[in-house]
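The structure under discussion appears below in the form of structure tokens.
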Amino acid sequence: MSTIALPKAAHGARPLPREFYLEPTLTVARRLLGQIVVRTLPTGERLSGIIVETEGYLVGDPACHSYRGKTPRNASMFGPPGHAYVYLSYGMHQMLNLVCQDEGVAEAVLVRALEPLEGVETMRSLRGGITNSIQLTNGPGKLAAAIALTRQEDDGVDVTDPKSRLQIIPGQIVPDSEIVDSKRIGITQGADLPWRYYLRGNAYVSRK
DNA sequence: AAATCGATTTGCT
DNA sequence: GCAAATCGATTTC
């Protein structure tokens, strides 16, 4: 079931530095596996989870939102690295992306699934009280709902800032042997590109 | 200006 | 297994 150990020193850890997001975007997508999303609610409560599934979206990639240029929706993708790009999908689901590359190079990693760490009961209520813990965060729209992300509140947030309400902090280093490469999900353009990565055998991955 | 589609999830058949 | 829900961007008339 749960495949990774709970990082012990997660509390008080500094967020991953901005340089982390300057490696090639597909490298960042792989390295984000095992890192930790930390969400601080207005109440001060802390929700967190280990990233177990990601997808890369690159310049020149027809499936990437930046492919047809800058719009109000995708503007944060064109901004500096280490910020969140949160957008509304299908009119109802918020998607969490992390912007990579220098300002002007609009690439990002979509965070597709988390393994919950802290605040599980709060996540459960944010997800309509569902009882199945696996289904709390095993999909991009699900995880965004579970940690109360919205485009209005969280698009553009700096995830490298220790006082930010959304941060990515160091978790585990995951060896390549534990990472499965596969095709991205739910897209029509560039559907054959193997730019989806997930932790082998992890129960919280959206689809094996 | 109107219709269609999408990096999805949920509920009902 | 299929369709609805719903908003922003793209495509079409």
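In what follows, every chain begins at residue 1, and chains take the letters A, B, ... in the order their sequences are listed.
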Exercise. Can you get from A:L58 to A:L193 by hopping between Ile, Leu, Val, Met, Phe, Trp and Tyr side chains that sit under 4.5 Å apart?
Worked result: yes
When the P atoms of C:dA3 and B:dT4 are compared, how many Å lie between them, rounded to an integer? 16 Å
Sorted by chain and number, sequence neighbours left out, side chain to side chain contact (heavy atoms under 4.5 Å, CB included) with A:E55 holds for A:Y57, A:L110, A:R112, A:R184, A:I185, A:R196
Item to complete: Output yes when a side-chain donor or acceptor of A:T160 lies under 3.5 Å from a complementary backbone atom of A:P15, and no otherwise.
Response: no
Less than 4.5 Å apart, any side-chain heavy atom of A:S76 and any of A:D155? yes
Residues of residues 53-63 of chain A with a heavy atom under 4.0 Å from any atom of DNA chain C, listed by number, are none
One should read off an interatomic distance between A:E153 CD and A:L166 CG, to the nearest 0.5 angstrom, of 12.0 Å
Across all chains, not counting sequence neighbours, the side-chain hydrogen bond (donor to acceptor under 3.5 Å, both in side chains) partners of A:N97 are none
The side-chain hydrogen bond (donor to acceptor under 3.5 Å, both in side chains) partners of A:D102 (sequence neighbours excluded) come to none
Here the salt bridge (charged side-chain N to carboxylate O under 4.0 Å, His left out) pairs for residues 83-93 of chain A, sequence neighbours left out, are none
Only distances under 3.5 Å count here; give the side-chain donor-acceptor pairs of residues 78-92 of chain A to other protein atoms, sequence neighbours excluded, each with its distance to 0.1 Å.
unit_1 : atom_1 : unit_2 : atom_2 : d
A:H83  : ND1    : A:G156 : O      : 2.8
A:Y85  : OH     : A:H65  : ND1    : 2.7

In short, side chain to side chain donor-acceptor pair (under 3.5 Å) pairs touching residues 22-35 of chain A with sequence neighbours left out are A:T25-A:Q101, A:T25-A:E107, A:R30-A:D176, A:R30-A:D181
Contact string for nucleotides 8-13 of chain B, one letter per nucleotide 5' to 3', B = base within protein heavy-atom range under 4.0 Å, S = sugar-phosphate only, - = neither, reads BSS---
Shorter than 3.5 Å, N or O on both sides, protein versus nucleotides 9-13 of chain C: list them out with atom names.
unit_1 : atom_1 : unit_2 : atom_2 : d
C:dA9  : OP1    : A:T71  : OG1    : 3.3
C:dA9  : OP1    : A:R73  : N      : 2.8
C:dT11 : OP1    : A:R68  : NH1    : 3.4

Next item on the list: Could you state whether A:V99 and A:L26 fall into the same hydrophobic cluster, counting links through intermediate Ile, Leu, Val, Met, Phe, Trp or Tyr residues with side-chain heavy atoms under 4.5 angstrom apart?
Entry: no
Tell me which donor-acceptor pairs under 3.5 Å the side chains of residues 135-148 of chain A have, and how far apart each pair is, sequence neighbours excluded?
unit_1 : atom_1 : unit_2 : atom_2 : d
A:T137 : OG1    : A:L114 : O      : 2.7
A:N138 : OD1    : A:K142 : NZ     : 3.0

Rounded to whole Å, CD of A:Q152 lies from P of C:dC7 at a distance of 11 Å
Note on DNA chain C: ranges paired as stems (three or more Watson-Crick/G-U pairs in a row, both atom distances under 3.5 Å) are B:1-6 with C:7-12, B:8-12 with C:1-5
| message | Whether the A:E115 and A:N202 side chains hold a donor-acceptor pair (N or O, under 3.5 Å, no angle test) is what I'd like checked. | response | yes
Closest heavy-atom pair, A:G56 versus A:D61, reported as atoms and distance to 0.1 Å, is O-OD2, 4.3 Å
Using side-chain heavy atoms (C-beta onward) and a distance below 4.5 Å, is A:C64 in contact with A:M77? yes
Phosphate oxygens OP1/OP2 of B:dG6: is one of them under 4.0 Å from a side-chain N or O of A:T188?
-> yes
Expected list for residues 22-29 of chain A near DNA chain B, using heavy atoms below 4.0 Å, is none
